[in-house]
Q: 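Sharing a structure, written as structure tokens. Questions coming.
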Amino acid sequence: MVLLPGYEPAPRDFFARDSLVVAPELLGGVLVRADADGTVAIRLTEVEAYGGERDPGAHAFRGRTARTASMFGAAGHIYCYFTYGMHHAINLVTGQVGQPYGCLVRSGEVLLGADLARRRRLAKPRVSPLPDWQLARGPACVAQSLAATRDNDGDDLFGGEWSFWLPVGHHALPHRTGPRVGLSGPSGDGAEYPWRYWLPGEASVSAYKPAAGKRAAVAP
DNA sequence: CCAACGATTAACT
DNA sequence: GTTAATCGTTGGT
């Protein structure tokens, strides 16, 4: 069976490197979940790199906690977290064991399972039918399309419901970089680093919003 | 124990 | 451009 013609499974070693190196190479790769409900495949168009203890913007910056434990484990696993009281987001864990590196999957193009992804997105009330290019536009939308929750934290990309594919002979595609989205706080929070990577011209790439919060904090 | 807030989204003025 | 929704995690008392 040729699930994805022209693609081959990424080796685990692909992930066992610095997140800054892996992130741009993830673009164009395909994240797949095949469970009892069906198969959804998403071609990544936008990711962000997080660098653990050296990175003030990373969840793992202040060391290991129960929430972030999976980021400290082996590469090629999933770190899935819950935030804003309602949303989940998926990271692909990179680096060596003990290095809490990861790449946040921000957006992608649904290659397989658009109907299933749409049903999952429609689980939340909404009006008009969702266009394909909006199914996985934004980290929480990616997680919804894949039905990922905290139950999937620590899941392996090899040998389970999940898999990750790269184009045969893959090399990093032409891409752009810029500040990561949603990091807020005084300077020193990591927002100044251009660690967001995306494929230009892709409809699924989320619109850039300058880091929320911090309106002019004028001194009294 | 408890208060503050977040790697967001959708809806609204 | 602004804001409600909604709750687990974190860090301080």
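To find a chain, count down the sequence lines: A is the first, B the second, and so on, and within it residues start at 1. Here the structure is a predicted model, which means the values were calculated and not measured.
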Q: Taking the cut-offs as 6.0 angstrom to the six-membered ring centre and 45 degrees off its axis, would you call A:Arg106 and A:Tyr197 a cation-pi pair?
A: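 No, A:Arg106 does not lie over the aromatic ring of A:Tyr197.
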
Q: Whole angstrom is fine here: how far is it from CZ in A:Phe82 over to C1' in C:dA5?
A: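 One finds 11 Å between C1' of C:dA5 and CZ of A:Phe82, rounded.
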
Q: Determine, using the 4.5 Å side-chain heavy-atom cutoff (strictly less than), whether A:Leu20 and A:Val47 are members of one ILVMFWY cluster.
A: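 A:Leu20 clusters together with A:Val47.
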
Q: Walk me through it: do A:Tyr81 and A:His88 pass the test ring-ring contact (aromatic ring centres under 6.0 Å, His included)?
A: CA-CA 6 Å; A:Tyr81 67 92; A:His88 293 272; 8.5 Å; no

Q: Quick check with a 6.0 Å cut-off and a 45 degree axis cone: is A:Arg12 positioned over the face of A:Phe14's six-membered ring?
A: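 Judged by the rule (NZ or CZ under 6.0 Å from the ring centre, within 45° of its axis), A:Arg12 is not positioned above A:Phe14.
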
Q: Within this structure, what is the CD-to-P distance between A:Gln134 and B:dA11, rounded to whole angstrom?
A: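 Computing the A:Gln134:CD to B:dA11:P distance gives 11 Å.
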
Q: Does A:Arg67 have a side-chain nitrogen or oxygen under 4.0 Å from the phosphate oxygens OP1 or OP2 of C:dG8?
A: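 Looking at the OP1 and OP2 atoms of C:dG8, neither is under 4.0 Å from any side-chain N or O of A:Arg67.
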
Q: What is the distance from CZ of A:Arg150 to P of B:dA7, rounded to the nearest Å?
A: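 One finds 13 Å between P of B:dA7 and CZ of A:Arg150, rounded.
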
Q: Rounded off to whole Å, could you give me the OH-to-P distance for the A:Tyr84 and B:dG6 pair?
A: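 Rounded to whole Å, this separation is 6 Å.
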
Q: I want to know whether A:Phe164 and A:Phe15 have ring centres closer than 6.0 Å.
A: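 Yes: the rings meet the under 6.0 Å criterion.
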
Q: In whole Å, what separates the C1' atom of C:dT3 from that of B:dC5?
A: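 It comes out at 16 Å once rounded to the nearest Å.
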
Q: Is a salt bridge present between A:Arg120 and A:Asp115, judged by a nitrogen-to-oxygen distance below 4.0 Å?
A: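 Answer for the salt bridge query: no.
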
Q: Apply side chain to side chain donor-acceptor pair (under 3.5 Å) to residues A:Glu46 and A:Ser107 and explain how you reach the verdict.
A: CA-CA 5 Å; A:Glu46 182 186 9; A:Ser107 302; 2.7 Å; yes

Q: Taking only Watson-Crick and G-U wobble pairs with both distances under 3.5 Å, what dot-bracket line describes DNA chain B, where [ ] shows pairs that cross earlier ones and | shows pairs with another strand?
A: ||||||.|||||.

Q: Whole angstroms only, please: what is the CZ-P distance between A:Arg64 and C:dT10?
A: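 Rounded to whole Å, this separation is 12 Å.
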
Q: Heavy atom of residues 95-114 of chain A under 4.0 Å from DNA chain C: which residues?
A: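 Correct list: empty, so none.
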
Q: Roughly how many Å is it from NE2 in A:His88 to P in C:dT9, rounded to a whole number?
A: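 From A:His88 NE2 to C:dT9 P: 10 Å.
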
Q: Can A:Leu146 be reached from A:Val205 by stepping across I, L, V, M, F, W or Y side chains whose heavy atoms are under 4.5 Å apart?
A: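 No: no chain of side-chain contacts under 4.5 Å links A:Val205 to A:Leu146.
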
Q: Quick one: on DNA chain C, does A:Thr68 or A:Gly85 contact a more 5' nucleotide (nearest heavy atom)?
A: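 Between the two, 5'-proximity favours A:Gly85.
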
Q: Starting from P on B:dA10, measure out to CG on A:Leu135 and report it in whole angstrom.
A: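 Distance check: A:Leu135 CG to B:dA10 P gives 11 Å.
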
Q: What is the distance, rounded to the nearest whole Å, between atom CE of A:Met71 and atom C1' of C:dT9?
A: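 Taking atom C1' of C:dT9 as the reference, CE of A:Met71 is at 14 Å.
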
Q: Contact class for A:Ala89 (heavy atom, under 4.0 Å): base, sugar-phosphate, or nothing?
A: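 Nothing, no heavy atom under 4.0 Å.
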
Q: For C:dT9, does OP1 or OP2 lie under 4.0 Å from any side-chain N or O of A:Arg62?
A: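 For A:Arg62, the contact criterion (side-chain N or O under 4.0 Å from OP1 or OP2 of C:dT9) is not met.
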
Q: Same cluster or not: are A:Val21 and A:Leu104 linked, directly or through other Ile, Leu, Val, Met, Phe, Trp or Tyr residues, by side-chain heavy atoms under 4.5 angstrom apart?
A: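 They do not share one cluster, since no chain of ILVMFWY contacts under 4.5 Å joins A:Val21 to A:Leu104.
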
Q: Find out whether the Lys NZ or Arg CZ of A:Arg137 is both under 6.0 angstrom from the six-membered ring centre of A:Trp133 and within 45° of the ring's axis.
A: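 The answer is no, since A:Arg137 fails at least one limit relative to A:Trp133.
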
Q: Counting only side-chain nitrogens and oxygens, does A:Thr65 get under 4.0 Å of the OP1 or OP2 atom of C:dT10?
A: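 Yes, A:Thr65 has a side-chain N/O under 4.0 Å of OP1/OP2 on C:dT10.
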
Q: Does the ring of A:Tyr50 lie flat against the base of B:dA7, closer than 5.5 Å centre to centre with planes under 30°?
A: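 Here the ring of A:Tyr50 and the base of B:dA7 are stacked, with centres under 5.5 Å and planes under 30°.
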
Q: Counting only side-chain N and O atoms of A:Arg121, is one of them less than 4.0 Å from OP1 or OP2 of B:dA10?
A: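 Indeed, a polar side-chain atom of A:Arg121 lies that close.
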
